[in-house]
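Below you'll find the structure, written out as structure tokens, and then a few comments.
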Amino acid sequence: MRWLLVKDLQILRRSKLLVGLLVVYPIAIALLIGVALSRGPDKPKVAFLNQVPIGQTTTNIGGRDVDFAAYADQFFDAIDPLRVKTRAEAVEAVESGDALAGLIIPADTVERLNGGLGQAEVEVLYNGDALKQSFVESTIEAELARANATLSRTIGEVAVEDLRILTEGGQITTPLGRQSLLGLERSRDLLDETLARLPADAPEREGLEQVLRFAEQALIGLEFATPALRAVSEPIQVRATVLSGSRTPLDAFAVALAVAVSLLFIAVLLASGVLALEREEQAFGRLVRGLVSRSALLAEKVVLAAACSGLAALAMLCGIGAFTGVDWSRFPLWLVALAAAALGCSALGVAVGALAREVRAASLLGLLIALPLAFLALVPSGAVAGGVYDAISVLNAIFPFKPTLRALDAAVNDADPGVFAPAAHLLGLTVAYGILARVALRRF
Amino acid sequence: MTKRFGERVALRDVSFSVAEGELLAVSGPNGAGKTTLLSILAGILRPDAGELSRPPGEIGWVPQQPAVYSKLTVRENLKLFARLEKVADPDAVVARMLEQTGLTDRADDELGTLSGGNRQRVNIAVGLLADPPVLLLDEPSSSLDPRQRERLWEFVDALAREHRTSVIFTTHNVAEAERWADRVLVLADGEVLFTGAPQALHGDADASGVDFETAFVAFLRAQGH
């Protein structure tokens, strides 16, 4: 088997295009994915017009200063602002395509918020292209919703504080300045004391008793007001529980996916090609008539393709890891996952090569099998009918791509259920496809 | 030996022997079973009945199409098969084979750059690496020009006469069979029609006085093929 390996490596070395692809491809893909993941998505360009006069962006809500310029800064984190001076410029920028949208803050925005003159209104312009509009619309609406929520929370907190002062007494800020408020509790206590000192038939007693009852009723009523105000500012809270499925963030999963796809294609195409080549070169009969057993020949092809695809995948992973935050301490697990995946995919490759018997047919068959497998493995359970998903699950179980993806996700991103279960699955598939290839070689 | 492929009987009760140093030509029309016979002798196919007196490891095989790797050089091809044959000194054997086949000056050329004739020489060289006592050649001269054919047969003849290698070769070229073979075995529809010296075929065909090819065709016709 050793000499067959040497022979195949010599042939590969002289197939410059193939070797170039095996070396350059993982590096190129690693660079592309690494750069893509290390930079966030481009921010949409938005024409921005702020008509609020300078120095008038701050308002005082219940003694707390709120600067609306801070909201603009937060908004600029999500967009690429194109500052304009007039509404006409904003319209022109959007119509010409220089900006995906326009956002106009009218001059009376802060005034309306200050004076309780109803809602403040901002104007948003879109260019009408549905695809672009939906993208920037989502961004703008999300940021406005965030600003609204923050403002509501601020107003709610101020109102809650005012209620507390109303109830317990204290200093309160009004348009006339700081005032000392007695508070309903202290008022009730004072009224109690005063009524206790008054004779039973005092004419002031009835009036004072009414005021005392009012204070007590107000205190009872305001006990419910505080939680109600808090609920208004954030009426619905979300408590998320992940019952099952991957918790891997999407960009980290993309790393495992890219490596898995590359490994699958390299292993299947290489293994099927080098086996079919033996027949095309007419050498198969010469080899198996007593020099090498069919099983040894298959094993050699699996080992060769597994080594090449595993090394290429490792190079990819290291390349992507240079750009992104992979956990390098998990390197030994990477090796386990890559080894098992490379063996499983290579075994599928030799089965394809044994069935196809020609290099071109083997390459085509390898592509036809590998591409749909990769897609099917990514179909989530809720996306298709139950029976269809069951069929997809069966296919995912009998082909090596899904366990490869699971093994790599576990090795790189510490995803459940860990590396060893999918690795064992892959080793089982290696044996199964090896047997299939061995049977197919009878008519090779 | 008998060999069936499904319902079709490719070889039916074929029996023969080859002496040490003898050249045996196996001839016959297309589909007679010549390549099947050689494949069984080489160990690539198993007969459904019958047995061979020698194992495949003692039989060198030169298939009709060169069974060598076009991306490897001549030397690399010979070295690979010498190692797989487990010869004692692969480098020495390779050097000897390059010398014997006249390929020393092309030793480091990739096989894909060689002519058909030179590729066939490498093909034959691979079959001789293990110095087998029996050599099978399947249509060895079909891709050679006349000069190369002459050189090939001189080489094969020397193998038989000097090295006492038994050589069994298939051929459509009955003139070659007549000129080089000690005996001719004629197959048709999987059956042996004739075994004997080429000259004896003339008598069997009642075709004395004509060339061997005419006698051969007459013989086949007389046998109903």
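Letters A, B, ... are given to chains in the order of the sequence lines, protein chains preceding strands, and every chain is numbered from 1.
E176(B) and S141(B) share a side-chain donor-acceptor pair at under 3.5 Å. Side chains of R119(B) and N77(B): no donor on one and acceptor on the other come within 3.5 Å.
Between D109(B) and R106(B) there is a salt bridge, since a side-chain N of the basic residue sits under 4.0 Å from a carboxylate O of the acidic one. Under a 4.0 Å N-O distance rule, the pair D8(A)/K301(A) qualifies as a salt bridge. At a threshold of 4.0 Å, the pair D89(B)-R96(B) does not count as salt-bridged, since none of the basic side-chain nitrogens sits closer than that to a carboxylate oxygen. The pair R161(B)-E22(B) does not count as a salt bridge, with every side-chain nitrogen at least 4.0 angstrom from each carboxylate oxygen.
When each of I44(B), V126(B), L45(B) is checked for heavy-atom pairs under 4.5 Å with chain A, V126(B) comes out on top. Most heavy-atom pairs under 4.5 Å with chain A: of the set S39(B), P55(B), A42(B), this distinction falls to A42(B).
Of the two parts of L287(A), only the side chain, counted from C-beta on, holds a non-hydrogen atom closer than 4.5 Å to a non-hydrogen atom of chain B. Using a 4.5 Å cut-off between heavy atoms, V292(A) contacts chain B through its side chain alone, with no backbone atom that close. Of the two parts of P66(B), only the backbone, made up of N, CA, C and O, holds a non-hydrogen atom closer than 4.5 Å to a non-hydrogen atom of chain A. Interface remark: E76(B) contributes side-chain atoms only to the contact with chain A (heavy atom separation under 4.5 Å).
In the displayed structure, R164(B) atom CZ is contacted under 6.0 Å by more than 12 heavy atoms of other residues, nucleotides or ligands.
Residues of residues 431-444 of chain A never come within less than 4.5 angstrom of chain B, heavy atom to heavy atom.
Figure legend: K3(B) and F5(B) shown as a cation-pi pair, the cationic atom lying under 6.0 angstrom from the six-membered ring centre and within 45 degrees of its axis.
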